[in-house]
Amino acid sequence: MTQPPDRPSRPPAAKLSDVARLAGVSLATASKALNGRSQVRAETRQRVIEAAERLAFQPNPLARGLPAGRTGTVGLLTGDLEGRFSIPILMGAEDAFGVGRVAVFLCDARGDALREQHHVRALLGRRVDGLIVVGSRTDPRSSLGRDLPVPVVYAYAPSTDPADLSIVPDSVGAGRLAVEHLLACGRSRIAHISGDPGYAAARERAEGAVAALTEAGLPLVGEVLFGSWSEGWGRAAAGMLLDRHPALDAILCGSDQIARGVLETARERGRRVPEDVAVLGFDNWEILTSGGRPPLTSVDLNLEQVGRTAAQALFSAIEGRPRAGVETVPSRLVIRESTAPLS
């Protein structure tokens with residue numbers, strides 16, 4: 001029987017590392033150049049493209065259907081997975097990534113800088129296309145740095161580096177929105193009880209509230225009372241306010257927990273809500289707002305929209321259209337019975 005002639009063996013397929021070696025660049029630079037990212041100089045990009053053509057380089061078969069150099073994965077890194085605020089942001093980001101379109105690796109650093117660095121290295125080792133870093137509070141946080149091989153978007157907690165992109169809720173605008181609603185309800189003697197002044201959110205909400213009152217030609221009743229984010233502080237602060245300023249007709253609270261305490265004290269003092277005094281909270285925490293007596297009007301920070309916006313911005317950066325700076329997402333008001341208009 002005649003044996004078929006031996007087929008010539010095919011040379012091994014070129015790898016990205018081969019392209020990088022021939023072009024004289026790092027693996028990350030070769031990936032960026034072939035992916036069309038803007039961080040690579042034109043002459044370097046051309047050198048990488050020519051090296052890829054000489055080697056007949058083809059992307060990994062697992063990446064077919066994706067743009068060159070991408071894996072279709074992203075990393076979501078949070079500092080507080082148990083937190084009330086980080087989870088809606090993560091949900092919004094996942095919604096924007098779309099079911100089946102992008103695989104998401106979720107890591108919880110638990111507020112530990114060393115654990116965060118470990119997760120970043122692990123995610124880069126999985127060749128994610130980008131990272132979203134979600135903070136546990138709105139205070140600025142340190143940047144992961146400018147030398148990472150993938151784009152990074154910060155959500156809720158802004159980066160201290162102005163070259164980074166951060167997507168945050170508009171806390172100043174939220175304070176304005178709350179006061180404007182109380183004014184529209186006919187209230188003119190408005191006090192403000194807030195939480196820990198060490199939190200940027202507490203200071204910024206108060207800033208927006210006072211600015212809105214000033215523009216309306218009205219003073220704040222007393223001074224802003226800063227304390228803790230608790231019902232106990234709300235009860236105590238409301239008692240002080242009602243003793244010192246019995247004629248006040250509205251109390252703006254820095255959180256829904258504080259507002260629940262205010263509602264209790266008002267009821268104990270025989271002050272009807274909203275007939276005698278309107279009460280308004282922040283965060284729109286359903287378990288607190290719907291169970292209030294009466295149900296509590298609250299400012300919703302639109303956290304899921306913060307997550308969606310961060311994911312959309314990451315997509316743009318991956319496609320070579322990065323942005324920088326701090327971008328805010330407006331809040332929305334959820335009106336319930338605690339702020340009915342004066343008759």
Side-chain angles (χ1 to χ4, degrees), residues 80 82-86 111 135-140 156-157 168-179 181-182 187 189-214 218-271 273-274 276-289 291-294 296-301 303 331 338-339:
D80 182 19
E82 296 180 357
R84 146 94 178 88
F85 303 105
S86 58
S136 58
R137 49 196 281 184
T138 59
D139 298 84
Y156 198 62
V168 301
D170 182 0
S171 294
V172 175
R176 283 181 170 275
L177 179 66
V179 165
H181 171 67
L182 292 173
R187 314 292 167 154
R189 299 180 297 277
I190 301 170
H192 184 29
I193 302 171
S194 194
D196 186 342
Y199 282 66
R203 301 189 304 272
E204 291 171 355
R205 292 170 185 178
E207 176 188 342
V210 171
L213 281 169
T214 300
L218 295 171
L220 183 72
V221 171
E223 60 184 12
V224 179
L225 298 180
F226 290 105
S228 64
W229 306 104
S230 68
E231 290 189 31
W233 165 240
R235 288 194 295 271
M240 289 188 289
L241 277 174
L242 292 173
D243 287 340
R244 297 173 185 172
H245 309 283
L248 66 81
D249 60 14
I251 300 177
L252 172 61
C253 305
S255 73
D256 294 332
Q257 294 102 311
I258 293 171
R260 283 290 293 266
V262 170
L263 289 175
E264 289 183 18
T265 294
R267 188 165 56 251
E268 291 169 358
R269 297 291 186 92
R271 302 295 294 272
V273 177
D276 300 325
V277 58
V279 178
L280 192 154
F282 278 92
D283 303 331
N284 194 33
W285 195 350
E286 185 69 23
I287 194 172
L288 294 176
T289 56
R293 298 169 57 192
L296 181 65
T297 295
S298 185
V299 177
D300 190 305
L301 300 181
L303 296 180
S331 300
S338 69
T339 59

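The basis for the numbers below is simple: all heavy atoms, side chains too, and nothing from hydrogens, waters or symmetry mates.
Expressed to the nearest 0.5 Å, how far OG1 of Thr289 lies from CG of Asn284 amounts to 5.0 Å. For the atom pair Leu218 CG and Ile190 CD1, the distance stands at 7.0 Å (nearest 0.5 Å).
Counting non-hydrogen atoms of neighbouring residues, nucleotides and ligands closer than 6.0 angstrom, the CZ atom of Arg267 exceeds 12 such neighbours.
In terms of heavy atoms, Ala201 sits closest to Ser171 at CA-OG, 4.3 Å. Minimum interatomic distance between Ser86 and Gly135 (heavy atoms only, all atoms of both residues): CB-O, 4.4 Å. Of all non-hydrogen atoms in Arg205 and Phe282, the two that sit nearest each other are NH1-CB, 3.4 Å. In terms of heavy-atom proximity, Leu301 sits nearest to Pro169 at O-CB, 4.0 Å. Pairing each heavy atom of Ile258 with each of Cys253, the nearest pair is CG2-CB, 3.9 Å. The shortest non-hydrogen separation linking Val277 to Arg271 is CG1-CB, 4.2 Å.
Qualifying side chain to side chain contact (heavy atoms under 4.5 Å, CB included) partners for Ala209, counting only residues two or more places apart in sequence or in other chains: Val179, Leu252. With sequence neighbours left out, Asp300 forms a salt bridge (Lys or Arg N to Asp or Glu O under 4.0 Å) with Arg332. Applying the side chain to side chain contact (heavy atoms under 4.5 Å, CB included) test to Ala200 and every residue at least two apart in sequence or in another chain returns Thr138, Asp139, Arg203, Glu204.
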Using residues 239-251 as the side-chain source, report each donor-acceptor pair under 3.5 Å to any protein atom, sequence neighbours left out, with the distance given to one decimal.
unit_1, atom_1, unit_2, atom_2, d
Asp243, OD1, Arg269, NH1, 2.9
Asp249, OD1, Ser188, N, 3.4
Asp249, OD1, Arg189, N, 3.0
Asp249, OD2, Ser188, N, 3.2

Donor-acceptor pairs under 3.5 angstrom involving side-chain atoms of residues 229-237: please list them, not counting sequence neighbours.
unit_1, atom_1, unit_2, atom_2, d
Ser230, OG, Ser228, OG, 2.8
Ser230, OG, Trp233, N, 3.1
Trp233, NE1, Ser194, O, 2.8
Arg235, NH1, Glu264, OE1, 3.3

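With hydrogens and angles left out, the side-chain atoms of Thr297 and His181 include no donor and acceptor closer than 3.5 Å.
You'll find the side chain of Pro294 reaches within 4.5 Å of the side chain of Ser338, heavy atoms only. Counting heavy atoms from C-beta on, the side chains of Ile193 and Val262 come closer than 4.5 Å.
Applying the side-chain hydrogen bond (donor to acceptor under 3.5 Å, both in side chains) test to every pair with at least one member in residues 252-261, sequence neighbours left out, gives these pairs: Ser255-Gln257, Asp256-Ser298.
Formation of a donor-acceptor pair under 3.5 Å by the Asp283 side chain with backbone atoms of Trp285 is not found in this model.
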Inset, instruction - Check step by step if side-chain contact (heavy atoms from CB on, under 4.5 Å) holds for Leu288 and Leu296. - result: CA-CA 8 Å; Leu288 294 176; Leu296 181 65; 5.8 Å; no
